[in-house]
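Throughout, protein chains are lettered first and strands after them, A, B, ... in sequence-line order, and every chain is numbered starting at 1. Worth saying up front: this structure is predicted, and the values here are computed from it rather than measured.
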Number of protein chains: 2
Amino acid sequence: MGNNKKKEPLCDNIAGEGCGLKKVINIVGGKWKIMILCVIDNNEVVRYGELRRAIHGITNTMLANSLKELETDGLVERKQYDEMPVRVEYNLTKKAKSLIPILLELKKWGEDNI
Amino acid sequence: MGNNKKKEPLCDNIAGEGCGLKKVINIVGGKWKIMILCVIDNNEVVRYGELRRAIHGITNTMLANSLKELETDGLVERKQYDEMPVRVEYNLTKKAKSLIPILLELKKWGEDNI
DNA sequence: CTGAATCCTTTTGGATACTG
DNA sequence: CAGTATCCAAAAGGATTCAG
């Protein structure tokens, strides 16, 4: 017999709805999320203000919204310390950490091919 | 000495401009591109009309625009046969084929984690 | 058959001011 | 300090019609 292995398709359903690949692209897509993940990953844990200063051009609106979505999607963890003034720290979840290596492969591909 | 390997950052520059990772997400992002790549990948070579019928809900506007961008970005190749009526076929480039395995990893991660 | 052109709607992103 | 609220601008997506 020859090589008759079935090829795995990028999407499993005709409409693309619920496609695992599209889901991933959605949760890390958008204008700022990769940068946010990057800064948190580089520092292990960062405060809100650090993120805003580190990411050139981001506004409160976008930073707060993006962080909330990343938290909802289980990529980022938020810890609030009720001091005065309040302090909030963000770190990557295990889930997010397991995604980083794949994103790095993608990055490498982009550097080599775009 | 302990473990002092440097971690590779998701983005190499502070602004995120020209980040290889963001570039990749941009060229395969958007509402339809993954589906388009998927259908072409599954069939090796497909005609315009096949694509439109295969991708539920896509319009001429979006299909034509997306194909043009994919072609510009070097992921898709377009071959026109000047018959009557005209026939056009699309296939993946080598570049695109080298990207597929990484996208499949991403897909797997999405299925396991979202 | 394979699109292009036009116009419109929806979504995303941003500026500014304000709050616990 | 860490956000919200409101309003506005820009970009992405879509319906429809037309053309080579």
Worksheet item: OP1 or OP2 of D:dC1 less than 4.0 angstrom from a side-chain nitrogen or oxygen of A:Tyr90, does that happen here?
Response: no
Fill in: Length of the line joining B:Glu89:CD and C:dG3:C1', which is rounded to integer Å
16 Å
Worksheet item: Between A:Lys95 and A:Asp73, does at least one N-O distance fall below 4.0 Å, as a salt bridge requires?
Response: no
Worksheet entry | Shortest non-hydrogen separation from A:Asn26 to A:Lys33 and the atoms involved | O-NZ, 4.3 Å
Worksheet entry | Under the salt bridge (charged side-chain N to carboxylate O under 4.0 Å, His left out) test, residues paired with B:Glu50 that sit two or more places apart | none
Discussion item. Can you confirm whether more than 12 heavy atoms, excluding those of B:Lys7, are under 6.0 Å from its NZ atom?
Written reply: yes
Worksheet, complete the sentence: Nearest heavy-atom contact between A:Trp109 and B:Val24 is CE3-CG2, 3.9 Å
Discussion item. Please report the interatomic distance CD1(B:Ile102) to CG(A:Leu21), rounded to the nearest 0.5 Å.
Written reply: 12.0 Å
Discussion item. How many whole angstroms separate atom CG of B:Leu63 from atom C1' of C:dT2?
Written reply: 9 Å
Worksheet entry | Salt-bridge present (A:Lys108, B:Glu8; N to O < 4.0 Å) | no
Discussion item. Expected output is a numbered-order residue list: members of residues 41-49 of chain B with a heavy atom under 4.0 Å from any atom of DNA chain D. What is it?
Written reply: none
Fill in: Protein-nucleotide distance (B:Ile36, atom CD1; C:dG3, atom P), rounded to Å
12 Å
Worksheet, complete the sentence: Residues passing the side chain to side chain contact (heavy atoms under 4.5 Å, CB included) test with B:Cys11, sequence neighbours excluded, are A:Ile34, A:Met35, A:Cys38, B:Cys19
Item to complete: Go through A:Tyr90 and A:Asn43 one step at a time and tell me if the side chain to side chain donor-acceptor pair (under 3.5 Å) criterion holds.
Response: CA-CA 10 Å; A:Tyr90 292 92; A:Asn43 297 274; over 6 Å; no
Worksheet item: Between NZ of B:Lys22 and CD1 of A:Ile114, what distance do you get to the nearest 0.5 Å?
Response: 12.0 Å
Discussion item. What does the B/S/- profile of nucleotides 7-20 of chain C look like, 5' to 3', with a 4.0 Å heavy-atom cutoff to protein?
Written reply: ------SSBB----
Worksheet item: Which residues in residues 65-85 of chain B have at least one heavy atom lying under 4.0 Å from any atom of DNA chain C?
Response: B:Lys68, B:Arg78, B:Pro85
Worksheet item: For the helix from C:dC1-D:dG20 to C:dG20-D:dC1, what is the angle between the axes at its two ends, each from 5 pairs, rounded to 10°?
Response: 50°
Worksheet item: So, do B:Tyr48 and B:Asn60 sit near enough that their side-chain heavy atoms are less than 4.5 Å apart?
Response: yes
